[in-house]
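Down below is the structure, laid out as structure tokens.
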Amino acid sequence: MTATAADQQAASTSANAPANPADDYSQADWNSAYGNVTTELEGWVETVEGAIPPALQGTLYRNGPGRLERGGQWVQHPFDGDGMILAVGFHQGRAYLRNRFVRTAGWLEEEAAGRWRYRGVFGTQKPGGILANALDLRLKNIANTSVVDWGGRLLALWEAASPTALDPVTLATQGLSTMGGVLAPQEPFSAHPRLDPGHHGGPRLVNFGVRTGPRSTIRLMEFNPQGQLVRQRQDRLQGFAFLHDFALTPNWAVFLKNALEFNPLPYVMGRRGAAQCLRSRPGGRGEFWLVPRGAGVPMVVLATEGFVFHHVNAWEEGATLVVDSIHYADFPVVKPGEDFRHVAFDQLPPGRLERCTIDLANGRVERRRLSGRCCEFATVHPQRQGRRHRFAWMAVAQRETGNAPLQAIEKLDSDTGQRWVWSAAPRGFVSEPVLVPHPDDTAEDAGWILSLVWNGARRASDVVILRAADLRLQAVLRLPLAVPHGLHGSWSRRDITPTAP
Ligand code: CO
């Protein structure tokens, strides 16, 4: 690949770019992020390099596993860790930090007991071996996957159960939310809501919940900014569906049902976690499940081979739907007994940004690759949700090919193929980039990219602020906190700093 001038410019702003791209990370730096969060902090962030743009006003919320060990026993997989919310509020060039665990019923019970009392979906077992775990199919809502500020409340999300409501300023846990009486007790509510910027009047938060088995039921729900339900539907479709995310257009909710099988026996018998019982169906192809947001029946369209966790965006072009997603050649299996700290990245399939074009008239799907570099956590400008976008921002590996830890942020111009890269390698590890639109500029790439970065040299977390247009580094906030590699977050215009009126 030929580096563009912008690549070089962005790379030159990275103080720790590797001398040799082949030496892009050490496993010890990467897995040094896996520890328990032991403190809940609140205060102004004192250590800032560069300058926080004064126009950057609002709050970055971010969720991820913060408790990975109890009573000397580590989780089998970090995704089983209890959720901890990080909030970084920006006010007139200063940043204010709060972090709080989500005090779910299970968290409170296990804190009191000082040990795990629930099995984890990703293989964490209770103490006591198979006998203690067999037939215990209770789920602990760990509220660790994403967080969104909607309807006056902050919602900590975990896809297999209902959201947990938090005070958006103090992060104090308020309890399970029914979304204003919409959800039945512990009804699933995905961790991947989409924000409709106004395709049907005002903004909406659109989300789904799925109950699966030989047949799957998808409930689609749309909420206005006051948190009131304005539209919903429920559809039953044939087949077992692992649905982590979806994409949204003005008229469609787009799901990709991966070609997976679920054999629950090892889970029921106490030998594996539920997610460890998922296997890809050999030679199988997934299906797009296209659910109309209004009236009409869902369409089922045979997809191409491979596996998808996350979609980037989707839009309509006449009688076709265009869906950008991160595709893997196969389902990355969660192997029992594997130590997550020593995961062999080069044995895993890389995720790649690809575009599927679905012809709604004949059900034909064409797929093409937009970028060959291993990526995850891609995003677009919030006003482009459901509309054709030009720019996407994503976390990428430092190396150009194969799977490797995410160490850089890339901006991709899907019209021209031009790329901009800011890298935290060799000792830094990025997380999901969150795009903050510029308050006074509606251009698609005006604003900032925020990302929590694990600083392997400091063994602590930084918040990095990049200019969205060219990924030029604006500021680094050195947090007095070590946050494990985490999951998803979001931006809110809310001011959580003590200066707020
Ligand atoms: Co996700």
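The first residue of the sequence shown is numbered 1, and numbering continues consecutively from there. Both ligands and their constituent atoms are indexed starting at 1 by order of listing.
For the residue pair E69 and Y34, no side-chain donor N or O sits within less than 3.5 Å of a side-chain acceptor on the partner. No side-chain donor from either of H381 and H389 sits under 3.5 Å from a side-chain acceptor of the other. If you check the side chains of W158 and T164, you find no donor sitting under 3.5 Å from an acceptor.
Looking only at protein N/O/S atoms, the ones less than 2.8 Å from the Co ion (ligand 1) make 4 in total.
Put simply, the residue from K126, E109, E110 that forms a side-chain hydrogen bond (donor to acceptor under 3.5 Å, both in side chains) with Y118 is E109.
With a 6.0 Å radius and a threshold of 12 heavy atoms from other residues, nucleotides or ligands, E187 has its CD atom above the threshold.
Using the six-membered ring where Trp is involved, F309 and F331 have ring planes that are tilted, between 30° and 60° apart.
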